[in-house]
Q: 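This structure is in structure tokens; I'll ask about it shortly.
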Amino acid sequence: MIDKIESLKAEISSAVAPDAEAVERFRIKYLGKKGEIALLMNDFRSVPAESKREMGQRLNELKTLAALRLAALREALAAGAEAEAADIDLTRTATPLPLGTRHPLSLVKKEIIDIFAAMGFTIAEGPEIEDDWHVFSSLNFPPDHPARDMQDTFFIARDPSDILLRTHTSSVQTRVMESTAPPIRIVCPGRVYRNEAISARAHCFFHQVEGLYIDRNVSFADLRQVLLQFAREMFGPETKIRLRPSYFPFTEPSAEMDISCNICGGKGCGFCKHTGWVEILGCGMVDPNVLRSCGIDPDIYSGYAFGMGVERITNLKYRVSDLRLFSENDVRFLREFESAK
Ligand code: PHE
């Protein structure tokens with residue numbers, strides 16, 4: 001009898017039922033009124049009293065096993081039917097999940113940073129909510145400078161000292177100069193805010209990457225060479241640069257840099273207003289007053305700084321005609337950058 005029970009156990013455990021009829025056959029064969037288990041129950045009566053306990057236990061196990069197997073076979077059948085009803089092909093591979101793409105501004109920001117990183121610059125970041133000192137006063141802005149005016153700056157609090165949204169990431173340069181001894185060689189990427197009416201050409205926030213290099217004997221020629229290298233890497237090896245005198249409170253001398261128009265190659269077209277040049281950034285030698293206010297001795301150290309708008313560079317590279325597209329999250333626009341690196 002033990003052998004019989006064991007062989008039935010093996011049979012039941014490996015039983016399969018491809019359709020409803022097979023499941024029913026399984027039920028009748030093992031659990032039916034005249035099934036294998038019922039037969040064994042009959043035999044059980046003639047088992048000698050001293051073996052009844054053990055045999056009873058084994059029989060019960062067999063019965064439970066058969067009942068569980070039956071339930072499992074029924075379940076498998078139902079799942080299969082459901083899949084079939086829904087026309088699901090369980091053998092088909094899954095469709096890939098749609099992945100997002102990098103935002104064009106992130107792409108270009110990364111490109112800018114990578115170029116400067118290759119020249120030894122490290123990344124520094126700082127808060128978007130700033131105080132007057134880091135955005136203006138430390139950077140040699142006279143008290144009545146128009147950039148401090150309500151028209152340009154979003155003020156959060158005016159008393160006792162001004163708290164505002166930074167209008168440029170030069171504030172990060174101040175923070176690093178205050179806390180780090182030269183040499184300093186950093187780029188400061190980040191979002192900046194200006195109180196302007198939103199249009200195709202202006203927005204109340206945009207993104208910048210600014211750079212700062214402070215060391216002994218840093219010259220304007222060093223600045224020019226670094227910017228030339230940047231322009232060539234960003235816009236192609238034939239790109240030319242031109243520096244025009246300009247004014248920023250925190251640099252002296254100051255300049256604005258143009259690159260040869262990358263659309264017409266400098267011949268003149270609608271994009272460059274037939275000048276052959278397009279402006280891409282501001283730069284200059286850090287004003288000694290700025291170094292002094294950040295605790296750096298201008299008799300020992302000198303340095304240069306530059307700053308550019310990421311939207312502007314993106315516009316030049318990818319011809320985005322309306323600034324508002326960058327913040328509307330229209331997937332049709334964003335997908336156009338799928339193939340960009
Ligand atoms: N901070 C300037 C701006 O916001 C850019 C700049 C940076 C100019 C460094 C010169 C030197 O426009």
Side-chain angles (χ1 to χ4, degrees), residues 109 112-113 116 119 121 123-128 130 132-142 145-149 151-154 164-177 184-196 201-215 218-228 230-231 241-259 278-291 293-294 296 298 301-313 315 323:
K109 181 179 81 178
I112 298 170
I113 290 173
F116 286 107
M119 292 192 269
F121 287 78
I123 298 173
E125 287 179 315
E128 293 183 11
E130 268 291 6
D132 175 274
W133 169 255
H134 290 97
V135 176
F136 297 128
S137 297
S138 65
L139 292 162
N140 202 32
F141 277 83
H145 193 279
R148 291 169 177 250
D149 199 87
Q151 279 177 9
D152 287 304
T153 309
F154 285 116
L164 43 96
L165 294 178
R166 66 182 179 192
T167 56
H168 53 185
T169 58
S170 304
S171 52
V172 182
Q173 307 184 352
T174 300
R175 286 185 177 273
V176 172
M177 284 190 279
I184 295 168
R185 194 176 349 212
I186 51 167
V187 278
C188 312
R191 182 179 287 187
V192 300
Y193 301 82
R194 288 185 197 176
N195 194 353
E196 292 196 32
R201 319 201 93 235
H203 212 296
C204 59
F205 65 78
F206 61 98
H207 301 78
Q208 283 190 325
V209 176
E210 295 211 343
L212 175 73
Y213 178 40
I214 311 270
D215 205 344
V218 178
S219 72
F220 200 92
D222 297 329
L223 169 64
R224 190 182 184 285
Q225 195 54 33
V226 161
L227 293 179
L228 175 63
F230 165 72
I241 64 167
R242 165 173 99 167
L243 290 160
R244 281 180 289 104
S246 184
Y247 171 78
F248 298 104
F250 34 89
T251 47
E252 182 60 36
S254 304
E256 264 159 338
M257 186 174 99
D258 299 338
I259 56 164
V278 282
E279 185 195 320
I280 66 161
L281 55 79
C283 60
M285 300 306 291
V286 180
D287 194 294
N289 285 339
V290 173
L291 294 176
S293 66
C294 297
I296 293 173
Y301 294 105
S302 56
Y304 60 69
F306 55 86
M308 68 189 88
V310 181
E311 279 80 351
R312 172 101 186 127
I313 307 283
N315 187 6
L323 266 182

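We count ligands from 1, going down the list as the structure has it; atoms in each ligand are counted the same way. We count residues from 1, following the sequence as given.
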Q: Are Ser137 and Asp132 close enough that a side-chain donor and a side-chain acceptor fall under 3.5 Å?
A: yes

Q: Just say parallel, tilted or perpendicular for the rings of His168 and Phe250, cut-offs at 30° and 60°.
A: perpendicular

Q: Give the atoms of ligand 1, by number and element, whose distance to some non-hydrogen atom of Ser170 is under 4.0 Å.
A: 1 (N)

Q: Examine ligand 1 and decide if any of its atoms is less than 4.0 Å from a heavy atom belonging to Met308.
A: no

Q: Work out which heavy atom in Gly211 is nearest to a heavy atom in Gln173; give both atom names and the distance.
A: O-NE2, 3.2 Å

Q: Please answer whether the main-chain N or O of Ser138 pairs with a side-chain N or O of Ser293 as donor and acceptor at a distance below 3.5 Å.
A: yes

Q: How far is atom 12 (O) of ligand 1 from its nearest protein heavy atom, and which residue and atom is that?
A: Arg194 NH2, 3.8 Å

Q: Within a distance under 4.0 Å of any heavy atom of Cys283, pick out the atoms of ligand 1 and give their elements.
A: 8 (C), 10 (C), 11 (C)

Q: Would you check if the side chain of Arg166 reaches a backbone N or O of Gly126 as a donor-acceptor pair within less than 3.5 Å?
A: yes

Q: Determine whether the aromatic ring centres of residues Tyr304 and Phe220 are separated by less than 6.0 angstrom.
A: no

Q: Which option out of Ala305, Pro249, Cys188, Gly307 puts a heavy atom nearest to atom 7 (C) of ligand 1?
A: Gly307

Q: Before accepting this row, confirm whether a basic side-chain N of the pair Arg242/Glu279 lies closer than 4.0 Å to the acidic partner's carboxylate O.
A: no

Q: Give yes if a backbone or side-chain nitrogen or oxygen of Thr167 is under 3.5 Å from a nitrogen or oxygen of ligand 1, and no if not.
A: no

Q: Short list, please: which atoms of ligand 1 are under 4.0 Å from a heavy atom of Glu210?
A: 1 (N), 2 (C), 3 (C), 4 (O), 5 (C), 6 (C), 7 (C)

Q: At less than 4.0 angstrom from any non-hydrogen atom of Phe306, what atoms of ligand 1 do you find?
A: 7 (C), 9 (C), 11 (C)

Q: Which of the numbered atoms in ligand 1 are under 4.0 angstrom from any heavy atom belonging to Phe250?
A: 1 (N), 2 (C), 6 (C), 7 (C), 8 (C), 9 (C), 10 (C), 11 (C)

